[in-house]
Every structure is written in structure tokens, then in C-alpha cells.
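Down below is the structure, laid out as C-alpha cells.
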Number of protein chains: 2
Amino acid sequence: MSDGNARAPLSRDRVLSAALRIADVDGLQAVTMRRVAADLEVEAMSLYHHVRNKEELLDGLVESVVGEVLTEVGLAEAAASPASGDWHASLRRRCLMARTVMVRHSWAPGLIGSRPTIPAPLYLYFEEILAVLIGGGFTYHLAHQALHSLGSMALGFAQELFNPADSGGQVDEGAAEAELAAMAERLPHLTTMVAAELHDHDEDPLGWCDSQREFEFTLDLLLDGLARHLQTGPVRDRTER
Amino acid sequence: MSDGNARAPLSRDRVLSAALRIADVDGLQAVTMRRVAADLEVEAMSLYHHVRNKEELLDGLVESVVGEVLTEVGLAEAAASPASGDWHASLRRRCLMARTVMVRHSWAPGLIGSRPTIPAPLYLYFEEILAVLIGGGFTYHLAHQALHSLGSMALGFAQELFNPADSGGQVDEGAAEAELAAMAERLPHLTTMVAAELHDHDEDPLGWCDSQREFEFTLDLLLDGLARHLQTGPVRDRTER
DNA sequence: ACCTGAACACCGTTCAAGT
DNA sequence: ACCTGAACACCGTTCAAGT
């Protein structure tokens with residue numbers, strides 16, 4: 001009881017965790033600059049010293065949740081059978097763990113999907129999944145399609161990942177090159193994948209990530225899987241496969 | 001040039017189509033009571049004579065888009081080979097057609113997902129899909145799981161269909177019974193499916209639609225499909241399967 | 001009956017001013 | 001440097017008043 005009062009200085013972290021608590025308890029629509037400030041016992045305008053505007057606050061919220069997925073998945077993988085090459089089991093654990101985090105923050109999938117820009121930690125998350133796929137023997141091309149197909153599962157039902165605006169808009173090639181170089185160290189598999197896919201489509205560089213093709217790939221995965229269930233009957237126990 | 005002026009009386013349809021046009025052109029965030037009114041050359045408060053409030057306007061927007069999916073899918077099915085029993089091809093056409101509609105209205109999937117209540121025409125759409133599945137030899141149980149798995153594809157990447165709030169909240173059994181009776185005529189397959197699933201879970205009626213189970217079913221469809229691609233290599237041509 | 005103007009309770013954000 | 005109060009330009013919505 002020595003310093004529990006309105007003594008703690010405001011900080012970006014304190015602002016974000018207050019906003020996250022409000023979203024969990026009262027829903028995303030309750031996350032208001034004035035409300036966040038009130039919960040921190042401060043005036044609304046004080047928030048602007050730690051967050052550029054509300055958009056940045058929402059970005060921070062998304063990054064918090066993705067960060068939570070990353071650490072929870074990391075813990076779960078560390079606890080599992082160490083370093084087995086079983087990509088199937090690993091991906092299954094990761095998606096189920098991501099889902100439990102998203103269920104805790106049910107506003108998050110919709111927010112992630114509606115954000116105009118992809119939150120940076122998400123690339124780290126997909127880099128890890130990509131590493132599992134490549135380690136399991138996937139080509140970069142098949143791994144790319146797998147990323148799209150699993151996208152909504154890996155985030156507990158979200159929107160499309162690489163948003164459609166990307167495929168239509170013009171690309172600043174110089175900036176893209178620089179961005180790629182910066183990514184290369186921290187995201188080696190993602191970088192390699194993009195490079196490989198771009199190489200395959202150098203006649204048609206815009207088509208390297210065709211959302212229509214990815215959609216049809218996923219659709220056929222599901223339809224073919226359902227057809228097999230129809231022929232063979234339901235599988236009774238996953239372990240005896 | 002006899003009556004093109006501000007003569008046409010306001011109506012719910014005129015309000016909705018103005019809102020839809022604004023959403024398509026300037027995005028959903030531009031759909032404002034004041035903006036919709038301005039486009040109709042009327043004061044904002046006039047809208048309230050044809051729409052209870054903004055929530056109802058958004059519901060109307062969702063229903064418009066779902067209606068568009070229904071008619072486009074209907075036309076596409078009518079144009080296809082008449083009355084073949086090929087559920088696989090029919091579902092594929094339906095999902096692809098739904099996607100093209102959703103691409104036209106890219107704000108729609110997010111809006112549908114964020115709506116607190118399921119828009120009524122959506123039941124009609126899923127009734128049709130269910131009819132295709134049952135006609136193809138699916139049990140009602142497998143068809144139920146298929147509906148969940150295809151949910152996001154059938155709507156061009158949306159959120160979960162039967163929202164999580166349903167499974168947690170308490171159910172007014174009398175009201176549910178009456179609702180079922182009203183549905184029975186127009187939605188025979190959906191009604192039968194719900195009844196069958198409830199019968200299978202009469203020990204645990206709350207568990208008839210377990211979103212965790214549906215999630216794992218879809219996840220396994222995708223993972224198993226990816227595993228088959230990994231073993232057999234990519235399929236070169238769908239027609240030679 | 002349908003439409004309107006003024007008003008209310010909210011937003012996000014700017015700006016000059018405090019300490 | 002960090003925080004504040006008043007103000008601005010927006011929201012959705014109510015209400016009494018017009019025709």
C-alpha cells in the first residue's frame with residue numbers, strides 16, 4: 001500500500017494492457033480513448049503522448065494478442081516430445097493453441113482481419129509454421145499454399161491473411177527489395193518462399209500470390225476430404241491411422 | 001427528364017441500396033446515417049421512418065448481399081448440367097460463385113461475421129447446400145460437419161457461422177421449439193439436421209454443436225489433405241482424377 | 001403520414017496552456 | 001517532458017415541430 005495509487009507513470013504498455021482488459025470485459029466497441037484514459041485515471045489527451053492515435057492503439061492491441069499466441073505456442077511446443085520431425089502433430093498443436101488464445105480474446109480475429117496492415121509479429125508466427133512445414137518435407141510452393149489454407153485455422157477463424165489490396169495495387173519495387181533484405185535474417189523461410197514463388201512467376205510477377213488460386217486449393221482440400229469421409233465412413237480414432 | 005428529381009419517395013429499399021453503393025465505393029466506415037441521407041438528398045432523420053436504427057440498416061445491408069449470393073448461385077446452378085447428382089461439382093460452383101459476390105462487396109464478410117444475429121436469408125442459403133449434401137449421400141451428421149468446414153469458403157472467408165455465444169448462453173426451450181416449427185416448412189433439411197443432432201446428444205443437449213469439435217474436424221480435413229499432397233505430389237489436372 | 005431543425009450525449013483529435 | 005482543459009468536427013439518436 002505504499003505506491004498503489006495514481007503514482008505509476010503512464011506508458012505505452014500500461015495504455016495497451018488497459019485497452020486489452022476493456023476489450024476482453026466489455027467488447028471492442030467499448031475501447032474508446034476516453035474510456036481507456038478513465039480506467040487509467042487520466043485524461044483522454046494524455047494517451048496521445050504514448051500512442052500516435054487510435055489506429056496505433058488498435059495495432060498495439062493486435063500485436064499483444066499475436067504475441068500471446070507466440071509465447072503460448074512456444075511453451076506448448078517446448079513441452080511436447082522434443083524435436084520430433086512430425087509436422088502434422090506440431091501444426092495441429094499450434095492451431096489448437098492459437099484457437100484457445102483467440103477464444104480468450106474473441107474480438108481479436110475480427111480486428112486482425114479488419115486491420116489495413118499486417119501486424120509485424122504475425123510474420124514471426126508464420127515463419128515458425130513455415131519452418132515446421134519445410135522441415136516436414138514440403139516444397140516452398142506447397143508450403144505457401146498450406147499457409148493460406150491453414151491461415152484461418154491458425155488464427156481461430158480470421159479473414160484472409162495477405163489481404164486482397166496487395167494483389168491489385170501497384171508495388172514500389174525498391175521499397176519491396178529493401179523490405180525483403182531486412183526480413184531475410186529474422187524470417188529466412190518466408191524470404192526464401194517469396195523468392196521462390198516470385199522466380200516461378202517472373203513472367204507474371206503479380207500472379208505469385210493469386211488469392212483465387214489459393215481459395216480453390218483450400219476448397220478442393222476440403223471437398224476431397226469430405227469425399228473420402230463419404231466413401232470410408234467416419235474415422236473412429238485418430239491414433240489408429 | 002420528367003421525374004428524375006427529388007420526387008421519388010423514400011423507401012427502405014432506396015435507403016438500403018444507397019447504403020450499399022456507399023459501402024462499395026467508399027468503404028463500410030463511410031456508411032453513416034448522415035452520409036446515406038445526403039446521397040438521397042434528404043435529412044438524416046428522415047431515414048428513421050424506414051429503418052429503426054443503424055443496426056437495422058446494417059442488417060439490411062447483410063441481407064442484400066446474401067440475397068445477391070442466393071440469386072447468383074441459383075442462376076449458375078440453373079445454367080449448369082441439369083440435375084446431375086454430382087454434389088462435389090455443385091458445391092464447388094456454389095462456393096466459387098459466393099466468392100465472386102463477396103469480392104464485389106469486400107466489406108461484407110467482415111460485417112456478416114461481426115453481426116450479433118445470423119441474417120435470415122443465410123439459413124436459406126445453407127438449406128440449399130445441405131440439400132446438395134444430403135442428395136449426394138451424406139448423413140445429416142457428416143453434412144453438419146461439412147457445413148461448418150465449408151462455412152468460411154461458402155461466404156468468401158467469414159467468421160464462424162453459428163456464433164460462439166450460442167453454445168454458452170442459456171436456451172429458452174419453448175421459444176426454440178416454436179422457432180423450429182416455423183422453420184420446418186421452408187427449411188426442411190436444416191430442421192431435420194438439427195433434430196437428428198439433438199437426438200444423438202440428448203444426454204448432453206448443449207454439446208450438439210461443439211465448436212471445438214467442428215474446429216478440429218476442419219483442421220484434420222486440411223492437415224490430412226496436405227499430407228496426401230505431400231505423398232503423391234501435386235495433382236496436375238483436376239479432370240483426370 | 002412523412003420530413004425537418006435544433007438539441008443531446010457521445011466520438012477522435014488539435015491546440016494552447018499549464019506544471 | 002508530460003499532462004490538461006477547452007474547443008472542433010464529427011457520430012447516432014430523440015423530440016417537438018412543421019407540412
Side-chain angles (χ1 to χ4, degrees), chain A residues 3-64 107 110-111 114-117 119, chain B residues 3-64 107 110-111 114-117 119:
Chain A
D3 64 344
N5 275 353
R7 206 97 312 273
L10 219 46
S11 72
R12 186 182 151 89
D13 272 2
R14 293 224 311 138
V15 170
L16 288 183
S17 64
L20 191 125
R21 189 159 22 82
I22 293 170
D24 283 345
V25 174
D26 291 329
L28 191 62
Q29 91 289 339
V31 176
T32 268
M33 298 302 273
R34 285 170 160 92
R35 167 68 190 275
V36 172
D39 277 25
L40 291 167
E41 289 176 313
V42 98
E43 298 301 312
M45 303 73 206
S46 304
L47 303 181
Y48 287 85
H49 288 274
H50 304 94
V51 159
R52 192 185 307 275
N53 50 30
K54 188 172 182 186
E55 291 298 290
E56 196 176 293
L57 186 148
L58 292 179
D59 282 337
L61 231 40
V62 168
E63 284 170 27
S64 296
W107 45 269
L111 180 62
S114 71
R115 224 80 274 285
T117 169
Chain B
D3 63 345
N5 276 353
R7 206 97 315 272
L10 219 47
S11 72
R12 185 182 152 91
D13 272 2
R14 293 223 310 138
V15 170
L16 289 183
S17 64
L20 191 125
R21 190 159 23 81
I22 293 170
D24 283 345
V25 174
D26 292 329
L28 190 63
Q29 92 288 341
V31 177
T32 266
M33 298 301 273
R34 285 169 159 94
R35 166 71 188 276
V36 172
D39 278 24
L40 291 167
E41 289 176 313
V42 100
E43 299 302 312
M45 304 72 206
S46 304
L47 303 181
Y48 287 86
H49 288 274
H50 304 93
V51 159
R52 193 185 307 275
N53 50 31
K54 189 174 181 184
E55 291 297 290
E56 196 175 293
L57 187 148
L58 293 178
D59 282 337
L61 231 40
V62 168
E63 285 171 25
S64 296
W107 45 270
L111 181 62
S114 70
R115 224 80 274 283
T117 169

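What you see is a predicted model, and the numbers here were worked out from it, not measured in a lab. Quick note on labels: first sequence line is chain A, next is B, and so on, each numbered from 1.
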Listed pairs, N/O of protein and of nucleotides 15-19 of chain C, under 3.5 Å:
none

Q. OP1 or OP2 of C/dC3 sitting under 4.0 Å from any side-chain N/O of B/His50?
A. yes
Q. Hey, does the side chain of A/Ser46 come within less than 4.0 Å of D/dT4's phosphate (OP1/OP2), counting only N and O?
A.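 Yes.
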Does [X] reach the side chain of [Y], with side-chain heavy atoms less than 4.5 Å apart?
X       : Y        : result
B/Asp39 : B/Arg21  : yes
A/Leu40 : A/Arg14  : yes
A/Asp26 : A/Arg35  : yes
B/Leu61 : B/Trp107 : yes

Distances for protein N/O vs nucleotides 10-12 of chain D N/O pairs under 3.5 angstrom?
from, atom 1, to, atom 2, distance (Å)
D/dG12, OP1, B/Met33, N, 3.3
D/dG12, OP1, B/Lys54, NZ, 3.0
D/dG12, OP2, B/Met33, N, 3.1
D/dG12, N7, B/Arg34, NH1, 2.4
D/dG12, O6, B/Arg34, NH2, 3.1

Q | Complementary nucleotide for C/dG5 - Watson-Crick or wobble, under 3.5 Å | A |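 Matched C/dG5 with D/dC15 under the 3.5 Å cut-off.
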Using whole Å, report how far [atom1] of [X] lies from [atom2] of [N].
X       : N      : atom1 : atom2 : value
A/Glu43 : D/dA6  : CD    : P     : 10 Å
B/Arg12 : C/dC2  : CZ    : P     : 15 Å
B/Glu41 : C/dT4  : CD    : C1'   : 16 Å
A/Leu47 : C/dT14 : CG    : C1'   : 15 Å

Which pair of heavy atoms, one from [X] and one from [Y], lies closest together, and at what distance?
X       : Y       : result
A/Val31 : A/Ala19 : CG2-O, 3.7 Å
B/His50 : B/Glu56 : O-OE2, 4.5 Å
B/Ala18 : B/Val36 : CB-CG1, 4.3 Å

Q | Residue from B/Arg52, B/Lys54, B/Arg115 passing side chain to side chain contact (heavy atoms under 4.5 Å, CB included) with B/Asp59 | A | B/Arg115
**Q.** Residue among A/Asn53, A/Val15, A/Leu57 satisfying side chain to side chain contact (heavy atoms under 4.5 Å, CB included) with A/Met33
**A.**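 For A/Met33, the side chain to side chain contact (heavy atoms under 4.5 Å, CB included) check succeeds only for A/Leu57.
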Q) Could a donor-acceptor pair under 3.5 angstrom be found where the side chain of B/His49 meets the base of C/dC3? A)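 Indeed, a donor on one side and an acceptor on the other fall under 3.5 Å apart.
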